[in-house]
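We use all heavy atoms of the structure for the numbers below, so side chains are in, but hydrogens, waters and symmetry mates are not. In what follows, every chain begins at residue 1, and chains take the letters A, B, ... in the order their sequences are listed. It should be emphasised that the depicted structure is a prediction, and the values quoted were computed from it without experimental measurement.
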Amino acid sequence: MIMKKESYYDLVYYITSKIPEGRVSTYGAIADYLSLGSARMIGWALNQCNATGNGDIPAHRVVNRKGELSGRVHFNPPSKMQASLGAEGIIVKDNRVENFEDLFWHPEELDDK
DNA sequence: TCTTTGACGTACA
DNA sequence: GTGTACGCCAAAG
């Protein structure tokens with residue numbers, strides 16, 4: 001992470017906005033990369049971002065460890081999350097990302113490049 | 001200041 | 001696979 005002293009939610013915004021199209025990440029991976037210490041912080045940050053109407057944050061690409069769309073209910077409307085993922089070529093079945101392990105994206109990819 | 005809650009994760013039975 | 005318990009830390013009441 002190149003950004004310095006930013007609030008934890010700013011870091012989450014940054015990472016989330018950097019998730020490549022057609023890929024997904026998890027709360028745990030982001031929390032671990034940002035050393036937030038808890039995946040709950042990710043959800044909280046995204047909750048704020050969604051509540052404030054930050055449509056620039058592709059929060060729909062962030063799922064839980066199982067690849068489930070755990071936070072779809074927090075979207076407006078909830079079905080938008082799956083619709084957005086589907087529009088990017090991500091198959092969502094029963095609130096879960098198909099081929100999740102293959103589509104999984106880790107924040108470390110940013111450092112590599 | 002204390003308590004509750006939360007888009008989670010891991011451990012254990 | 002399911003259910004329970006705990007940790008994690010910030011925001012809201």
Exercise. Could you say whether K66(A) or W44(A) is positioned toward the 5' end of DNA chain B, judged by the nucleotide with the nearest heavy atom to each?
Key: W44(A)
Quiz item: Rounded to whole angstroms, how far apart are CZ on R65(A) and P on dG1(C)?
Solution: 14 Å
Practice problem: Determine the contact category for A59(A): base if any of its heavy atoms lies under 4.0 Å from a base atom, sugar-phosphate if only primed atoms, P, OP1 or OP2 are that close, otherwise nothing. | Solution: base
Self-check item: Rounded distance in Å - CG (N95(A)) to P (dC8(B))
Solution: 13 Å
Quiz prompt | Nearest-Å distance for atom pair CD1/C1', residues I42(A) and dC8(B) | solution = 10 Å
Quiz item: For S25(A) and I19(A), which heavy atoms make the closest approach, and how far apart are they?
Solution: CB-CD1, 3.8 Å
Quiz item: Checking all strands, does N64(A) fall into the base, sugar-phosphate, or nothing category for heavy-atom contacts under 4.0 angstrom?
Solution: sugar-phosphate
Self-check item: N47(A) CG - dT4(B) P separation (whole Å)
Solution: 21 Å
Any protein N or O atoms within reach of nucleotides 5-9 of chain C? Criterion: under 3.5 Å, listing atom names and distances.
residue : atom : partner : partner atom : Å
dG7(C)  : O6   : R40(A)  : NH1          : 2.7
dG7(C)  : N1   : R40(A)  : NH1          : 3.1
dC8(C)  : O2   : S38(A)  : OG           : 2.9
dC8(C)  : N3   : R40(A)  : NH1          : 3.3

Self-check item: For DNA chain C, the residues among residues 85-93 of chain A that have a non-hydrogen atom under 4.0 Å from it
Solution: none
Exercise. Mind running salt bridge (charged side-chain N to carboxylate O under 4.0 Å, His left out) on E109(A) and R23(A) for me, showing each step along the way?
Key: CA-CA 12 Å; E109(A) 298 290 319; R23(A) 301 290 294 280; 5.9 Å; no
Self-check item: Nearest-Å distance for atom pair CG/C1', residues N50(A) and dG6(B)
Solution: 14 Å
Quiz item: Quick one: CG on N99(A) to CD1 on I91(A), what's the gap to the nearest 0.5 Å?
Solution: 9.5 Å
Exercise. Determine the interplanar angle of the Y13(A) and Y9(A) rings, folded into 0 to 90°, and report it as parallel if under 30°, tilted if 30 to 60°, perpendicular if over 60°.
Key: tilted
Exercise. Would you mind reading off the distance between Q48(A) atom CD and dA12(C) atom C1', rounded to a whole angstrom?
Key: 10 Å
Exercise. List the steps, then state whether side chain to side chain contact (heavy atoms under 4.5 Å, CB included) holds for Y33(A) with D111(A).
Key: CA-CA 11 Å; Y33(A) 178 74; D111(A) 287 341; 2.9 Å; yes
Quiz prompt | Student check: side-chain heavy atoms of Y8(A) and L34(A) closer than 4.5 Å | solution = no
Practice problem: Report the C-alpha distance between F75(A) and L69(A) in whole Å, list the side-chain angles of each, state the deciding distance to 0.1 Å, and finish with yes or no for side chain to side chain contact (heavy atoms under 4.5 Å, CB included). | Solution: CA-CA 11 Å; F75(A) 280 78; L69(A) 309 188; over 6 Å; no
Quiz item: Taking side chain as C-beta onward, heavy atoms only, is W105(A) less than 4.5 Å from L110(A)?
Solution: yes
Practice problem: Find the distance Y8(A):OH to dC8(B):P and express it as a whole number of Å. | Solution: 14 Å
Quiz prompt | Linked, directly or transitively: F100(A) and V62(A) (ILVMFWY side chains, under 4.5 Å) | solution = no
